[in-house]
Novice: 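Let me give you the structure first, and then I'll get to my questions.
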Amino acid sequence: MAIRLGDVVPDFSAETTEGHIDFHAWKDGKWAVLFSHPRDFTPVCTTELGAVAKLKPEFDKRNTVVVGLSVDPIDSHARWAQDIKDVTGQTLNFPLIGDPDKSIANAYDMIHPNASDTATVRSVFVIGPDNKLKLTLTYPASTGRNFLEILRVIDSLQLTAKHKVATPADWKNGDDVIIVPAVSDEDARKLYPDYVTKKPYLRVTKQPS
Ligand code: BEZ
C-alpha cells in the first residue's frame, strides 16, 4: 500500500555505495530525502545525480541527509559514478542504495507496473526527524526533477513545522507567509503583531525567524 503523509516510513537495511545502512538509525533524527531513479547508465538519471551532488551543501545546511536508490546493484552504481563525474563534474557525495531484490522499492511503492514492471519511477520522499512522511512526489522516467524545488519545499516544511504559518504559491525562503486559519485573530495579534488581513481567511505576515 502507498505510504501516505503522516505515516512512519518503512525502516530497512540496505547496501549502499557508502556501506551498509539501517535507514532509521542512519538518518538519526535528521530530515531525509530518499529518491529513486529508474536505472544506472541512463541519461536523465546521470544529470539528476550530478545535480544532487552539486546541491549537497544546501541539503547539509538544512540538516537533511540525501540517499538515492535504484534496483541496480551497488557495484553498478560505483562504476556509474565515474560517468556522473565525467558528464557533470560532480563526485557522488551521498549514498546510493542498491535494491536488486526490489524489497525497498516495493515497500515504498516505487514500482508502478503500468509505467514499467522492472524499473523504479522517480519518487521523492521527504521524511521528518520523527521518521514520518512529510512530502512525496512522483515523476515519470522521462522527466528529470528540479532539486531546487526539493530544497524549497524543505524550507517550507521546516518553517511550518516550527511556526503557525503556511507558505503561499511560489513562496521562497524569506518571502511573506500566511497565518494558518486555526489561529484566532486575537492570538495572531500576539504572535505576529504586524500581520495584514487581505481576507478574513487570508492573513499575511513577515516570515518568522
Ligand atoms: C533516463 O534516466 O534517462 C531514463 C531512464 C529510463 C527511461 C527513460 C529515461
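Please read all numbers here as calculations on a predicted model, not as lab measurements. For this chain, numbers begin at 1 and follow the sequence in order. Counting starts at 1 for both ligands and their atoms, following the listed order. Below, each value reflects all heavy atoms present in this structure, side chains not excepted, and no hydrogens, waters or symmetry copies.
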Novice: Above 12 or not: heavy atoms from other molecules or residues under 6.0 Å from CG of Asp86?
Specialist: yes

Novice: ring-ring contact (aromatic ring centres under 6.0 Å, His included) with Phe125: which residues, sequence neighbours excluded?
Specialist: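 Phe125 satisfies ring-ring contact (aromatic ring centres under 6.0 Å, His included) with Tyr108 only.
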
Novice: How would you list, by chain and number, the residues with a heavy atom under 4.0 angstrom from ligand 1?
Specialist: Pro38, Thr42, Pro43, Val44, Cys45, Arg122, Ala141

Novice: Please give me the minimum heavy-atom distance between Asp11 and Phe23, naming the atom from each residue.
Specialist: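 Closest pair (atom of Asp11, atom of Phe23, distance): OD1-N, 3.4 Å.
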
Novice: Listed by chain and number, what are the side chain to side chain donor-acceptor pair (under 3.5 Å) partners of Trp80, not counting sequence neighbours?
Specialist: Thr46

Novice: What are the two closest non-hydrogen atoms of Pro208 and Val165, and how far apart are they?
Specialist: CG-CG1, 4.2 Å

Novice: Please list, one pair per line, the donor and acceptor atoms closer than 3.5 Å that link side chains of residues 26-33 to other protein atoms, with sequence neighbours excluded.
Specialist:
from: Lys27; atom 1: NZ; to: Lys30; atom 2: O; distance (Å): 2.8
from: Lys27; atom 1: NZ; to: Gly128; atom 2: O; distance (Å): 2.7
from: Lys27; atom 1: NZ; to: Asn131; atom 2: OD1; distance (Å): 2.8

